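The structure displayed is predicted, hence computed values, not measured ones. Throughout, residue positions are numbered sequentially from 1 according to the sequence presented. Note that these values count all heavy atoms, side chains included, but never hydrogens, waters or copies made by symmetry.
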Amino acid sequence: MGTTLAYGDLKPEHVVFPDGPDGRPVLLDPGLLRASPMVDVAKLMSRTVLVLVVHRPAPEVTRQIFDGLALLAVARGGHLGPRERRGWVRHLLTLWLMDTVNIVTTYLSAPAALPLPRLGLALVDRAVPVARLVDAVSADLLAPPARGTGERVLDRIAGVAA
């Protein structure tokens with residue numbers, strides 16, 4: 001699998017619309033890089049899951065969001081055979097875990113005098129459930145490749161977001 005232009009650290013606060021909401025967006029510090037096409041998908045998943053873990057919406061809302069993420073994942077990896085797809089899912093989940101750990105540890109290690117955004121403060125409060133999720137998904141990924149890993153991960157996330 002080749003590389004593509006990925007947005008790296010694209011966050012909502014890195015996109016501004018200086019000419020109004022109908023104008024062209026401007027990217028601030030997106031951290032552009034050449035990477036696997038999975039990087040953007042993994043970061044979207046990571047940041048979406050962290051928002052779910054913090055806001056803990058109704059289960060049906062979480063399921064709708066998961067369905068959308070699953071459609072995106074299928075669109076990106078659905079053309080692969082079963083073995084390649086399992087490898088693709090494992091790679092995607094590994095990137096997702098890396099981004100999740102990076103974000104949570106950044107908030108946990110921030111100097112006390114640094115004002116954190118609301119999401120950051122909420123993630124600090126939910127760091128233990130997120131760490132348990134990371135640990136469980138990491139254990140799944142260390143096990144021999146198996147069918148249903150993606151579904152198991154979604155179930156684990158739903159449990160933390162409940």
Side-chain angles (χ1 to χ4, degrees), residues 1-54 64-111 114 116-120 122-124 127 130-131 133-154 156-157 160-161:
M1 185 178 301
T3 63
T4 187
L5 189 62
Y7 292 105
D9 198 27
L10 184 64
K11 301 176 191 170
E13 57 268 22
H14 288 165
V15 181
V16 295
F17 294 86
D19 299 321
D22 295 329
R24 183 178 178 157
V26 174
L27 301 177
L28 306 174
D29 185 30
L32 295 173
L33 66 144
R34 301 271 317 157
S36 161
M38 282 188 269
V39 168
D40 283 332
V41 177
K43 288 184 179 220
L44 173 66
M45 286 176 56
S46 170
R47 289 137 202 248
T48 302
V49 167
L50 291 174
V51 167
L52 292 173
V53 166
V54 166
Q64 286 179 328
I65 292 169
F66 283 174
D67 289 347
L69 290 174
L71 285 173
L72 176 63
V74 167
R76 293 293 184 116
H79 64 285
L80 301 171
R83 181 179 171 157
E84 292 82 15
R85 192 174 314 126
R86 279 194 296 276
W88 186 88
V89 167
R90 289 172 64 85
H91 188 190
L92 179 65
L93 292 175
T94 300
L95 292 171
W96 165 67
L97 287 171
M98 290 169 56
D99 189 65
T100 298
V101 168
N102 182 42
I103 290 172
V104 174
T105 57
T106 297
Y107 287 133
L108 287 172
S109 63
L114 182 69
L116 294 177
R118 279 188 299 189
L119 178 67
L123 279 173
V124 167
V130 171
L133 172 65
V134 166
D135 185 54
V137 174
S138 296
D140 286 342
L141 292 176
L142 289 172
R147 292 180 131 193
T149 300
E151 291 81 14
R152 222 175 14 261
V153 169
L154 290 177
R156 292 183 192 285
I157 295 168
V160 175

Discussion item. According to side chain to side chain contact (heavy atoms under 4.5 Å, CB included), who are the partners of Leu108, at least two apart in sequence or on a separate chain?
Written reply: Val104, Val124, Ala127

Worksheet item: Which distance, rounded to the nearest 0.5 Å, do you find between the CG of Leu142 and the CZ of Arg90?
Response: 7.5 Å

Response to the item:
In short, Phe17 meets Gly23 closest at the heavy-atom pair CD2-O, 3.5 Å

Worksheet item: Rounded to the nearest 0.5 Å, what separation is found between the CG atom of Leu93 and the CH2 atom of Trp88?
Response: 9.0 Å

Worksheet item: Atom CZ of Phe66 and atom OG1 of Thr48: how far apart are they, to the nearest 0.5 Å?
Response: 9.5 Å

Fill in: Pairing residues for Thr94 by the side chain to side chain contact (heavy atoms under 4.5 Å, CB included) criterion, not counting sequence neighbours
Met98, Leu141

Discussion item. Once rounded to the nearest 0.5 Å, what's the spacing between atom CG of Leu72 and atom CG of Asp67?
Written reply: 12.5 Å

Item to complete: Report the residues that fulfil side chain to side chain contact (heavy atoms under 4.5 Å, CB included) with Ser138, sequence neighbours left out, ordered by chain and then residue number.
Response: Leu97, Val134

Fill in: Atom pair NZ (Lys43) and CD1 (Ile103), whose distance is rounded to the nearest 0.5 Å
7.5 Å

Item to complete: Search all heavy atoms of Thr105 against all heavy atoms of Val101 and return the closest pair with its distance.
Response: OG1-O, 2.7 Å

Worksheet item: With sequence neighbours excluded, what pairs up with Arg24 under the side chain to side chain donor-acceptor pair (under 3.5 Å) test?
Response: none

Item to complete: Check the surroundings of atom CZ in Arg34: do more than 12 heavy atoms from other residues, nucleotides or ligands lie under 6.0 Å from it?
Response: yes

Worksheet item: Of the non-hydrogen atoms in Ala42 and Trp96, which two are nearest, and what is the gap between them?
Response: CB-N, 3.6 Å

Worksheet item: If you round to the nearest 0.5 Å, how far is CG of Leu50 from CG of Asp99?
Response: 7.5 Å

Discussion item. Do Met45 and Thr100 have side chains that approach each other closer than 4.5 Å (heavy atoms only, starting at C-beta)?
Written reply: no

Item to complete: Determine, stepwise, if the pair Leu44 / Leu69 fulfils side-chain contact (heavy atoms from CB on, under 4.5 Å).
Response: CA-CA 9 Å; Leu44 173 66; Leu69 290 174; 4.3 Å; yes

Discussion item. Applying side chain to side chain contact (heavy atoms under 4.5 Å, CB included), can you list everything that pairs with Ala131, at least two apart in sequence or on another chain?
Written reply: none

